[in-house]
There are 2 protein chains.
Amino acid sequence: MPTDHPPSRTPARIKDRPTWLISRTFARSSGLLAAGFESYGRGLRSYHYRLLAALDEWGPASQADLGRGTGIDRSDVTAVLSELESLRLVERSVDPDHRRRNIVTITPAGVEQLLELDNVIDGIQEQVLKPLTNAQRRQFIALMMKLLAAEDESSKG
Amino acid sequence: MPTDHPPSRTPARIKDRPTWLISRTFARSSGLLAAGFESYGRGLRSYHYRLLAALDEWGPASQADLGRGTGIDRSDVTAVLSELESLRLVERSVDPDHRRRNIVTITPAGVEQLLELDNVIDGIQEQVLKPLTNAQRRQFIALMMKLLAAEDESSKG
DNA sequence: TTTGTTATGTTGGCCACGCCAACATTGGCC
DNA sequence: GGCCAATGTTGGCGTGGCCAACATAACAAA
């Protein structure tokens with residue numbers, strides 16, 4: 001559990017810089033997220049959630065496709081899928097048309113787990129944004145989307 | 001260097017969530033920052049910068065105070081200071097009034113290094129915010145500050 | 001058809017950042 | 001004098017994000 005120990009003073013040349021604010025914001029967000037995952041037990045972390053979500057949404061897929069789709073490295077996909085498999089949340093089978101490839105499928109238990117995680121994570125969005133009014137939340141989200149739009153474009157190519 | 005490999009699709013239940021946007025924003029920011037530090041060579045990273053900035057701004061301090069002030073763990077402070085010391089950017093001396101304590105001082109070379117890093121890092125602020133207009137940048141910064149205000153309060157106690 | 005070349009899954013490793021525990025040592029307090 | 005707190009240090013752990021190397025399988029070019 002990242003306990004998120006913020007600095008007590010923070011040098012002036014640092015404290016107002018966007019990169020610093022972004023980093024603190026992320027620390028707060030990921031701390032809350034980690035606490036959420038942990039309170040949930042099972043040893044699931046964000047990678048697990050991302051993979052379950054991808055499988056639920058895109059249907060059965062190869063590990064390589066999962067990696068590309070979620071931005072998780074192949075090797076990490078392998079490791080996390082093994083954990084998910086041992087929890088019976090996904091299943092791996094060899095693609096008959098391409099025996100080097102695995103077809104990964106989410107199980108009913110996996111879907112159920114995913115839905116529960118959805119709830120936990122939704123609650124955390126609320127916590128993260130709590131200091132902002134609704135209008136400010138919308139603004140904040142819109143600004144981040146704009147900030148990331150270029151990146152999204154370039155990776156779609 | 002974090003190469004920041006964004007996902008190519010991103011599941012819908014994830015892609016609009018604030019925690020996800022925050023995490024992507026941070027990935028972008030810290031990727032640019034890391035590239036900046038690395039292009040600069042010398043093996044300096046954000047911890048080094050934070051400590052140099054703290055020393056420059058608050059004057060000579062003990063390691064424990066540096067840790068509390070910057071939010072960096074004592075043990076990490078020790079390690080990073082050793083690197084800074086071997087680069088002759090800081091000096092450690094035993095506090096005569098408290099021989100368990102070190103007094104850490106930034107050297108002239110350290111100040112110089114800090115100023116150069118300042119420039120690099122300022123350039124990165126620009127890059128990070130590039131997609132936003134000036135008004136949007138101000139908004140974005142203000143929103144993050146509000147988001148973090150509660151945390152700052154509680155750690156001042 | 002044989003010879004590269006590319007894609008896939010796996011293993012094992014590395015780094016940054018953030019933590020924590022344990023320890024010896026020092027100083028302050030009662 | 002004896003206890004407690006603070007200090008610096010060592011060593012370790014976890015997460016997220018990477019990369020390299022490898023065997024194997026499929027594919028493309030020759």
Side-chain angles (χ1 to χ4, degrees), chain A residues 1-7 19-20 22-24 26-38 43-51 61-68 70-83 85 92-104, chain B residues 1-7 19-20 22-24 26-38 43-51 61-68 70-83 85 92-104:
Chain A
M1 44 171 162
T3 328
D4 193 11
H5 287 165
T19 47
W20 175 253
I22 289 169
S23 146
R24 294 306 312 157
F26 172 72
R28 181 152 174 280
S29 166
S30 76
L32 291 170
L33 229 25
F37 278 116
E38 199 191 6
L44 300 179
R45 301 173 306 260
S46 76
Y47 274 9
H48 301 83
Y49 179 70
R50 280 158 71 182
L51 288 176
S62 74
Q63 300 185 190
D65 283 343
L66 284 173
R68 280 183 290 263
T70 60
I72 300 173
D73 189 89
R74 302 199 326 264
S75 61
D76 299 318
V77 170
T78 295
V80 171
L81 285 183
S82 296
E83 294 174 22
E85 197 176 25
R92 274 195 268 215
S93 62
V94 176
D95 184 341
D97 296 345
H98 193 315
R99 309 213 340 243
R100 194 85 194 82
R101 189 144 47 196
N102 285 340
I103 295 180
V104 185
Chain B
M1 44 172 163
T3 328
D4 194 11
H5 288 166
T19 47
W20 175 252
I22 290 169
S23 148
R24 294 306 312 157
F26 172 73
R28 180 151 175 279
S29 166
S30 74
L32 290 170
L33 229 27
F37 278 116
E38 198 191 6
L44 301 178
R45 300 172 307 259
S46 77
Y47 274 10
H48 302 82
Y49 178 72
R50 279 158 73 181
L51 288 176
S62 73
Q63 300 185 191
D65 283 343
L66 284 173
R68 280 183 289 264
T70 60
I72 300 174
D73 189 88
R74 296 192 342 256
S75 61
D76 298 320
V77 170
T78 294
V80 172
L81 285 183
S82 297
E83 294 175 21
E85 198 178 24
R92 273 194 268 214
S93 61
V94 177
D95 184 340
D97 297 346
H98 194 316
R99 308 213 338 243
R100 195 82 194 82
R101 188 147 44 199
N102 286 340
I103 295 181
V104 185

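Chain letters run A, B, ... following the sequence lines, proteins first and then strands; every chain starts at 1. Note that these values count all heavy atoms, side chains included, but never hydrogens, waters or copies made by symmetry.
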Discussion item. Taking the nucleotide of DNA chain C with the nearest heavy atom to each, does A:Ala64 or A:Arg24 sit closer to the 5' end?
Written reply: A:Ala64

Worksheet item: Given atom CZ of B:Phe26 and atom C1' of D:dG16, what is their separation to the nearest angstrom?
Response: 10 Å

Item to complete: Identify the two heavy atoms, one from B:His48 and one from B:Gly43, that lie closest to each other, and give their separation to 0.1 Å.
Response: CE1-O, 3.8 Å

Practice prompt. Have a look at B:Ser62 and say if it touches a base, only the backbone sugar-phosphate, or nothing, with a 4.0 Å heavy-atom cut-off.
Written response: sugar-phosphate

Practice prompt. Show the numbers, then the answer: is there a side chain to side chain contact (heavy atoms under 4.5 Å, CB included) between A:Leu66 and A:Leu81?
Written response: CA-CA 10 Å; A:Leu66 284 173; A:Leu81 285 183; 4.2 Å; yes

Worksheet entry | Shortest non-hydrogen contact from A:Val77 toward A:Gly67 | CG2-CA, 3.8 Å

Pairs under 3.5 angstrom, nitrogen or oxygen only, protein versus nucleotides 13-17 of chain C, please.
| residue | atom | partner | partner atom | Å |
| --- | --- | --- | --- | --- |
| C:dC17 | OP1 | B:Ser46 | OG | 2.9 |

Practice prompt. Ignoring backbone atoms, test whether B:Gln63 places a side-chain nitrogen or oxygen under 4.0 Å from the OP1 or OP2 oxygen of D:dA6.
Written response: no

Response to the item:
Taken to the nearest whole Å, CD/A:Glu38 to P/D:dG16 is 12 Å

Worksheet item: What's the shortest heavy-atom distance between B:Phe26 and A:Ile22, and which atoms?
Response: CA-CG2, 3.6 Å

Worksheet item: Can you tell me how far P of C:dG9 sits from CD of A:Glu83, to the nearest Å?
Response: 18 Å

Worksheet item: Of all residues at least two apart in sequence or in a different chain, which pass the side chain to side chain contact (heavy atoms under 4.5 Å, CB included) check with B:Asp73?
Response: B:Ser75, B:Asp76

Practice prompt. For DNA chain C, determine which residues of residues 93-100 of chain A have any heavy atom closer than 4.0 angstrom to one of its atoms, and list them numerically.
Written response: A:Arg100

Fill in: Atom of B:Trp20, atom of A:Arg50 and distance for their closest heavy-atom approach
CZ3-NE, 3.7 Å

Worksheet item: Should A:Arg68 be listed as having a side-chain N or O under 4.0 Å from OP1 or OP2 of C:dT8?
Response: yes

Item to complete: Provide, to the nearest angstrom, the distance between the CZ atom belonging to A:Arg74 and the C1' atom belonging to C:dT10.
Response: 9 Å

Fill in: B:Leu81 CG - D:dT10 P separation (whole Å)
12 Å

Discussion item. Please report the distance, rounded to the nearest Å, between CG in B:Asn102 and C1' in C:dA24.
Written reply: 15 Å

Discussion item. Rounding to an integer number of Å, can you tell me how far B:Ile72 CD1 sits from D:dT7 C1'?
Written reply: 17 Å

Practice prompt. Mind listing the closest non-hydrogen atom pair of B:Ser82 and B:Arg92 along with its distance?
Written response: OG-NH2, 2.6 Å

Discussion item. How long is the straight-line distance from CZ of A:Arg74 back to OG of A:Ser62, given to the nearest 0.5 Å?
Written reply: 11.0 Å

Worksheet item: If you measure from OG on B:Ser93 to CG on B:Asn102, what distance do you get to the nearest 0.5 Å?
Response: 7.5 Å

Fill in: Whole-Å gap separating C1' (D:dG17) and CZ (B:Arg28)
18 Å

Worksheet item: If you look at every strand shown and take non-hydrogen atoms under 4.0 Å, does B:Asp73 touch a base, only sugar-phosphate, or nothing?
Response: base

Worksheet item: Would you say B:Arg101 reaches D:dT9's phosphate, i.e. side-chain N/O to OP1/OP2 under 4.0 Å?
Response: no

